[in-house]
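Written out below as C-alpha cells is the structure these notes cover.
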Amino acid sequence: MEGVEEYPYLKDLNAAQREAALQIDGPVMIVAGAGSGKTRVLTYRIAHMVAQGVDPYNILALTFTNKAAREMRKRIETVVGLEARSLWMGTFHSIFARILRVEADKLGYPPNFSIYDSDDSKSLIRTIVKELKLDDKVYKANMVLNRISTAKNNLILSDAYNKSDDIKASDTASGRPEIAKIYDAYTARCFRAGAMDFDDLLLNMYKLLTKFPDALNKYQHMFRYIMVDEYQDTNHCQYMIIKKLAAVNENICVVGDDAQSIYSFRGATIQNILNFERDYPDLKIYKLEQNYRSTQTIVNAAGSVIDKNKDQIKKKVWTSNDLGDRIRVVRSVTDNEEGQFIAQSIFEERMQKQMQNSDFSILYRTNAQSRSLEEALRKMNIPYRIYGGQSFYQRKEIKDLLAYLRLVVNHHDEESLKRVINYPTRGIGKTTMERVIVIASEQGCSLWDVVSNAGSFPILSSAAGKLLNFSTMIRSFATLLQKKDAYEVAIEVAKSTTLLHTLNSDKTVEGISRYENVVELLNGIKEFSEDDTRDIEKNLAVYLQDIALLTDADQEDGDDNKVALMTIHAAKGLEFPHVYIAGLEENLFPNQMSTGSRKDLEEERRLFYVAVTRAEKKLTLSYANTRFRFGQLLPCEPSRFLQEIDQQYLQLDPNNFVGNQVRSNERPTRYGKGPGMQGGVRRPPQKSQRPQVTRGKAVPQHRPQVIPDFVPEDITDLKAGDRIEHQRFGKGQVEQVEGMGEHRKATIMFDEYGKKQLVLRFAKLRFLKD
DNA sequence: TACTAAGCTCTTTTT
DNA sequence: GAGCTTAGTA
C-alpha cells in the first residue's frame, strides 16, 4: 500500500486490521471478534488520523469504561506523543458531562450540577414513594429506577411516559400504575436539586443536540471524526446522539462484536448495529476474525458455546496459535473449598511455571462471590486486587465527605444535604427534616432554600437556629471556592466539620481504616489539583463530576503484581494468561434472574463467551456442590454451560461429576414472593433446556429447613445447656441466661455463627429435641 | 433526639 | 451477609 513506509506502526497490523485502520473517512463498521486486536486497530486508526494532519481536538472516541479509555489514550500517546492529550477520549458519560457543564445554562441547570449515583437516585425514589403515600413494597426503588432508566434510555420523557397508553397498560398490568407519577416527581426533584443521574447525562446531551441548533452545529463541526468502541453495548439514546453528531461529516467508525453484547439490562440493543447499516448504506464493513489471544482449544471451545445462540451475526473466529492445554473442569464441595482449590492451584502454577501473580485472573458472575475467594487467597498469602465491587467512593466515610463537598459546590443537592445535615450530629433530627421536606414540596423550592430561610417558617422555630448555623457554615465554605484550590477547600471542610477529628478519634481497626480512607481521598483531591497532564479546569466542581463517574476499577494499579478478581462484566476488554471462572452453577451462572427467557439465557451465554475468551493460555472452570447464598447454604448444580462446551476440549477433574450429575427435578424457588422482574412472571425453563437426569452419584440435598412458627412464649423457661434453633442463625447451644422476666438475655453458641447474645423477648427461637 | 438491637428484605451485571 | 427500618431505651 502506498505510503505505508511513512507509518512504521502499520507494520504491526495484519491485512484486515490495516485496511480498517486506514479507512478513516466515511462510515465504517468493524466487526471484531474476541482477541482480534480491536484496540490495536483503533489506536493505530487514531494515530493515522493524527499523522494525516487531523487535529486530535477534532477526534471523539467513546468507550464504555474509563479503564478502556485510559488504556487507549496511553497507547495512542506512545505512538503519537503528547498531542494525544487533546483528544476527546472517554466514556459516554464523562465526555457528555464535560460538555454539559459548559452548556448547562441552556438546559436550565447550574454549571456545577451534581451527578447522582444510583444510591442517590434510589434514595430519592424512596422519598418520593413515601411522599406520594404509595406502598414501598410494590414500588421498590430498584424496580422503579429501572423502569425510569429504561424509559430515559429510549428517549421517553416523563410527559410521553404519562401519555403513552401502552406504558400505562403495562404498568397497570404489573400492579404499578403510579410509576408515571413517580417519574414526573423524580425528574422535577432532580432538576430542582440541580442534579443529573447517569441516564440524564445521556438524555440531556440528546436534548442539547435536538433543541439547540447552534450547539448541534458546534459539536458536529468540532467532532469531525467519531469512533465508538463496544458499539454492541450502546442503547437507543446513545445511538441517537452519535447519529446526530455524525450527521454532517459522516466520519464515523463503530467497533463491536455482537457475541460480546452483555449490557442489554442497561438498554443496549443489537438493533443499533442493524440500524447502523440502514442509516449508512455506503458504509464499509471490516471483519476481524483472527484471534491472536488464545489457544485453539480456548477459541474453539468458546465458539462451541456461542454457536448455541440463535440471535447472532455468524462469523468464524479462528486462530493460528497452538492447540494448548485442555480446559480443566473442577468440582468442589463448597464455595469455600472452591476458593481454596483456586488459591492452591495459583500457588502451584506460579511456583512451577515461574509465573507472576498478575498472570492470573479469577472471574465470577456476581460480586458477592469474591468473599470466599478472597479468604482463600489471603490464607495462602497470595496478593490480589478486586476490581469493582464496593467502590472506594461508595464507602460511607468517603460519601460523607463527598456529600459535604457536593453541597458546597451545589447547595441545592438534596441527597447530599440530607446525608450530612446531621452528621456529625448537630441536633437536627428526623422530625425537623421531615418538616423541611414538607415545606420544600409545598413551596416548590429546594431543601436548601428552606434550611437557609429556616427563620421564616414558624413550624421550624425550635430548630431554626441549628439549621441556620448549618447553612452559614456551608456558605462560608462556598466563599473559599473562589480563592482556594480543590484540595484546600476539601481540607478546610474536613477539619471544620470535625469530620476528620471524629474519624481520627475512633481507634478501632475499622475506625483507623475509615480515617485512612478519608486521608486517601484528600490526597486524591490534591493530586487532581496538581495534575497537569489533562487539559481541563481544575476546580472542586470538576473534580466531583469526574469522580462521580469513576468506579473502583479506575484507581491506578501502579506496578503491582496481584491476582485480579472481578466480575465478568468488568473483565471485558482484558486478557490474562491464566483465567479461572468460578461458580459455574445453574442459577448462579447462568444467573437465576436470567434463565426465564431465551433472550436472557443467550445473554448469559455471551457472558460466558466473554469470560472464556479472556484466557490466553490456560482456562480452569470451577463449580461447587453447595454455596452459601441468600444467608443459607444451598445445594448447587453444575452450570448448563459445562455441558454445552464441546466435551473434547475439557479435561475433567477425577472427582468431578459433569455429565453424570444427578439433578433434582425441582428448581430452587426464587427468593421472596411476588411477580418476577420486569413485567410479570418469568416462565420456568423449558423441559428441553433442562439437562438430562442420568445415572451417577447422588448429591445430598441440604434443603434449608423452613420453620413455620417461632413462638416467643416457647422460650420462657430457656436455660443454659438447651439446644435451640434460631430463625436466622440456625442451631446453637445456650451458654448462659441472665436478667429477669421479659428482659432476659441469652448468650448462645451458634453452630454456624459462633457466639451471639440475644434479647429473649425478640429472639425467635424454638427448642430442639435431639 | 440519639443510640442500639432485632428484624426484614433483597441478592446480577455498570456508568 | 449487607443495608435499611423499626421499636425500645437512655
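Lettering of chains follows the sequences in order, A, B, ..., and the numbering in each one begins at 1.
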Considering only side-chain heavy atoms of A/N422, which listed nucleotide, B/dA2, C/dT5, B/dT12, is closest? B/dA2

Applying salt bridge (charged side-chain N to carboxylate O under 4.0 Å, His left out) to A/K418 and not counting sequence neighbours gives A/E415

Calculate the interatomic distance between A/L467 atom CG and B/dT1 atom P; express it in whole Å. 10 Å

Sort out for me which residue in A/D197, A/D199, A/T187 forms a side-chain hydrogen bond (donor to acceptor under 3.5 Å, both in side chains) with A/K152. A/D197

Does A/T431 put a side-chain nitrogen or oxygen below 4.0 Å from OP1 or OP2 of B/dT1? yes

Would you mind reading off the distance between A/E603 atom CD and B/dT12 atom P, rounded to a whole angstrom? 14 Å

Proximal nucleotide (of B/dT11, B/dT13, B/dT15) relative to the A/F198 side chain: B/dT15

Whole angstrom value for the distance that separates P of B/dT13 from CZ of A/F64: 18 Å

Any side-chain N or O of A/T65 less than 4.0 Å from the OP1 or OP2 oxygen of B/dT15? no

Does A/N66 put a side-chain nitrogen or oxygen below 4.0 Å from OP1 or OP2 of B/dT14? no

Closest to side chain of A/T425, choosing from B/dC3, B/dT12, C/dT5: B/dC3

Can you tell me which nucleotide in C/dT5, B/dT15, C/dG1 comes closest to the side chain of A/R371? C/dG1

Distance in angstrom units between A/L607 CG and B/dT12 C1', rounded: 9 Å

Judged by modelled atom types alone, do A/S118 and A/S121 share a side-chain donor-acceptor pair under 3.5 Å? no

Contacts of A/E230 meeting salt bridge (charged side-chain N to carboxylate O under 4.0 Å, His left out) (sequence neighbours excluded), chain-then-number -> A/K38, A/K572

Any side-chain N or O of A/K140 below 4.0 angstrom from OP1/OP2 of B/dT9? no

Check every atom of B/dT12, C/dT5, B/dT15 against the side chain of A/E604 and return the nucleotide holding the closest atom. B/dT12

N/O (side chain, A/N367) to phosphate O (OP1/OP2, C/dA2) under 4.0 Å: no

base_contact_polar (B/dT13 base, A/R266 side chain, donor-acceptor, <3.5 Å): no

Of the options B/dC10, B/dA2, B/dT14, whose atoms approach the side-chain atoms of A/H569 most closely? B/dT14

If the cut-off is 4.0 Å, is A/T432 near the phosphate of B/dT1, judged by side-chain N/O to OP1 or OP2? yes

